[in-house]
Colleague: 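Before I ask anything, let me first share the structure, which is written out below as structure tokens.
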Amino acid sequence: MNKFDVIIIGGGHAGVEAAYACARMGKQSCLVTNSKKDIGKMSCNPAIGGIGKSHLVREIDAMGGLMGIAADHGGIHFRVLNASKGAAVRATRSQSDRLLYASKVKSIIDSEYLLTLIEGEVTEIKISNNEAQGIRLLNGAEIDSKKVILTAGTFLNGKLFTGEEKEEGGRIGDKPSIKLADFLLSLDLKSGRLKTGTPPRIRSSSVNWKITKEQPGDNPRPTMSFITTNDVHPKQMSCFITRTNKETHEIIMKGIERSPIFSGKIEGLGPRYCPSIEDKIHRFADKESHQIFIEPEGLTSEEIYPNGISTSMPKDIQQKMVRSIAGFENAEITKFGYAVEYDFFDPRELKHTLETKKIENLFFAGQINGTTGYEEAAAQGLVAGINASLAIDEGSPWIPKRDESYIGVLVDDLVTLGTKEPYRMFTSRAEYRLLLREDNADQRLTPLAKKFGLICKERWTKFNKKMDEIGKEQERLKNYKVSLKQLNEMNSNSKAKSKSHITALDALKRPEVSYQKLCEALKIKPVRDEVAIDVVTNKKYSGYIERQKKEIKKVKKNENALIPEKINFNDIEGLSNESKQKLSVVKPRTLAHAQRIPGLTPAAISLLLVHIKKREYTKNDAL
């Protein structure tokens, strides 16, 4: 047991997805972790999904990954966010029972006969002639491999801060990886420090639930995985909502200089879109209150997670701060909040496969690349695992494209632009989000997963059944005619003024026509929700989807076009001020580079291309 195809270091969300992918692709894989009992552990918020993040989960699942399945088996509260908005930005979120989630991850990992678990601390990666060839453990043991995937999370030189108190650790109760961090820093890889944090945990029985607002889960409940049904969900629980107030803010502001964020003890930047409560109050001084989601940690847990008050303030201030909040007047803190500062490495030193450019056969995945969040980590683990396995077989690498998946957006953003703060996914980062919806992740990626040998027979059968049902429903609706009168009867506000009869499928293009009402008018039985959603969405968005596909084709045709050095982006007519600012800061050299700038839309790229073609730049201007 001292030689494997692939060694994966770390048993977090990136590590388990990487290991699971390698094993499914037929590679003798070894997952090395400090503690087997911590495999799949949710270190911070016990939840999976959310805006942008759920798209990653669905894509991981479509590729045969384990995160969606574990979320369904551990999920105790499910909601679809942005349900009233367009399908492209809808996002599923599941609150998880920590123990059930980790237990399901562990059982899936244990079921892979090509995957070996080893408990131990990795201190060094064996490197010869700039090639990774295995690892060394603290106990002196050596394990050889063809590829090494490092998923160290927040453990590299990890330090925990609570006010003036500081200790070493990757998370509360766990030692950091000091020796491995020192070894990596000796490899001449660009590195930096980042910060994340967690809120205090509160004993559930000490909360006055009567003065909080209940937030039940959705009914019917959605699922995170394409192959599970909601009957695998455990017992469901409600979440609750409360808010901070003026008193809370005054308590924090009086002691803010004792926060390690403001005292200068923490050097690393934290996530801009998920700041600590002290940072939030400092930055948004005009806000009199901030919302707090009270989330259960599990069916058998006595603790609740107050999402929204992540903090590293001293314990005495945390106590006062918490008890100033409605419902928490008598709250008992079971664990105080803290910040974690850790090493990360510049992702621009990685290839799109997530293999390091300087050291062959060594892959980085997860928070080591500057990301935050379970979902972002898991997506990188999947990419690294697949590419490590493909490289062993001397196959072509998998480089997911931005117009094919959110995973492609994530990897391209990191590798091309790098990050100065913990990177998290949002739907706004994907310029082709109409094509990259939650509901069609399987159509985009499952055939590819089949090609790589990542999915089981059950998943492939279910996928083909769904595609067959979608095709049949589209044909069925084409064969029904709907009159103008029927369309008007479906909605009193209808302004239908087109032909007297159209097909039922074309009728779905109209905003006021719902699938359910259409089936009732035609007296036909509706198909199951999963199939109906795809049929309706593709039809309602068909015009926009076609336009986006044309934009993609147009950009790809011209993506190698040089952008003149002397160009003034402020001169481009029709371009938003935000787009002008982003272009001016990045100064892209090609159209391909410009389209990778987060938030720069296809329309903005088109305007840039038109501007370049219209203006008379000399050859020297473009060099």
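We count residues from 1, following the sequence as given.
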Colleague: Ring pair (Phe, Tyr, Trp, His ring centres under 6.0 Å) with Phe336: which residues, sequence neighbours excluded?
Modeller: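 Testing Phe336 for ring pair (Phe, Tyr, Trp, His ring centres under 6.0 Å), a comparison that skips the adjacent residues, returns none.
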Colleague: With Glu297, which residues qualify under side-chain hydrogen bond (donor to acceptor under 3.5 Å, both in side chains), at least two apart?
Modeller: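 In terms of side-chain hydrogen bond (donor to acceptor under 3.5 Å, both in side chains), with neighbours along the sequence ignored, Glu297 is linked to Arg98, Arg201.
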Colleague: Compile the donor-acceptor pairs under 3.5 Å between side chains in residues 171-185 and protein atoms, sequence neighbours left out, one pair per line.
Modeller:
from   : atom 1 : to     : atom 2 : distance (Å)
Arg171 : NE     : Asp174 : OD2    : 2.6
Arg171 : NH1    : Ser43  : OG     : 2.7

Colleague: Going by salt bridge (Lys or Arg N to Asp or Glu O under 4.0 Å), name the residues that satisfy it together with Asp279, two or more places apart in sequence or in a different chain.
Modeller: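 Partners of Asp279 under the salt bridge (Lys or Arg N to Asp or Glu O under 4.0 Å) test: Arg283.
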Colleague: So, using salt bridge (Lys or Arg N to Asp or Glu O under 4.0 Å) as the criterion, who are the partners of Glu360 when residues are at least two apart?
Modeller: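 Residues passing salt bridge (Lys or Arg N to Asp or Glu O under 4.0 Å) with Glu360: none at all.
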Colleague: Please output the side-chain donor-acceptor pairs of residues 313-320 that fall under 3.5 Å, not counting sequence neighbours, one pair per line with the distance.
Modeller:
from   : atom 1 : to     : atom 2 : distance (Å)
Asp316 : OD1    : Arg258 : NH2    : 3.2
Asp316 : OD2    : Arg258 : NH1    : 3.1
Gln318 : OE1    : Gly337 : N      : 2.8
Gln318 : NE2    : Met313 : O      : 2.8
Gln318 : NE2    : Gly337 : O      : 3.0

Colleague: Could you list the residues that satisfy salt bridge (Lys or Arg N to Asp or Glu O under 4.0 Å) with Glu59, not counting sequence neighbours?
Modeller: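 Here the qualifying residues are Arg444.
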Colleague: Do we see a donor-acceptor contact under 3.5 Å between the side chains of Thr356 and Glu349?
Modeller: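 No, Glu349 and Thr356 have no side-chain donor paired with an acceptor closer than 3.5 Å.
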Colleague: Quick one about Ser324 and Thr248 (side-chain donor to acceptor, distance below 3.5 Å, no hydrogens or angles considered), yes or no?
Modeller: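 The criterion, which ignores hydrogens and geometry beyond distance, is satisfied for Ser324 and Thr248.
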Colleague: For His352, which residues count as a ring pair (Phe, Tyr, Trp, His ring centres under 6.0 Å) partner, sequence neighbours excluded?
Modeller: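 Here no residue qualifies.
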Colleague: Would you call Arg136 and Val122 a side-chain contact if the rule is heavy atoms closer than 4.5 Å?
Modeller: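 No. Closest side-chain heavy atoms not under 4.5 Å.
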Colleague: Is it true that the NZ or CZ of Arg433 lies under 6.0 Å from the centre of Tyr406's six-membered ring and within 45 degrees of the ring axis?
Modeller: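 No, Arg433 and Tyr406 do not form such a contact.
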Colleague: Just to verify, what does Arg243 make a side-chain hydrogen bond (donor to acceptor under 3.5 Å, both in side chains) with, not counting sequence neighbours?
Modeller: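 Checked Arg243 against side-chain hydrogen bond (donor to acceptor under 3.5 Å, both in side chains); matches are Ser289.
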Colleague: Can you list everything that forms a salt bridge (Lys or Arg N to Asp or Glu O under 4.0 Å) with Glu288? Sequence neighbours excluded, please.
Modeller: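 With sequence neighbours excluded, Glu288 shows a salt bridge (Lys or Arg N to Asp or Glu O under 4.0 Å) to Lys246, given in chain and number order.
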Colleague: Mind jotting down which residue pairs meet the ring-ring contact (aromatic ring centres under 6.0 Å, His included) criterion with at least one end in residues 365-384? Sequence neighbours excluded, please.
Modeller: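 Passing the test, one end in residues 365-384: His13-Tyr374.
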Colleague: Pairing donors with acceptors under 3.5 angstrom, does anything connect the side chains of Asn369 and Gln380?
Modeller: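 There is such a pair between these side chains.
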Colleague: The criterion is side-chain hydrogen bond (donor to acceptor under 3.5 Å, both in side chains); which residues satisfy it with Arg323, sequence neighbours excluded?
Modeller: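 Not a single residue meets the side-chain hydrogen bond (donor to acceptor under 3.5 Å, both in side chains) criterion with Arg323.
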Colleague: Whether the Gln367 and Thr154 side chains hold a donor-acceptor pair (N or O, under 3.5 Å, no angle test) is what I'd like checked.
Modeller: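 Looking only at side-chain atoms, Thr154 and Gln367 do not form any donor-acceptor pair under 3.5 Å.
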Colleague: Which value, rounded to the nearest 0.5 Å, describes the distance between Leu31 atom CG and Leu117 atom CG?
Modeller: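 Atom-to-atom, Leu31:CG and Leu117:CG are 5.5 Å apart.
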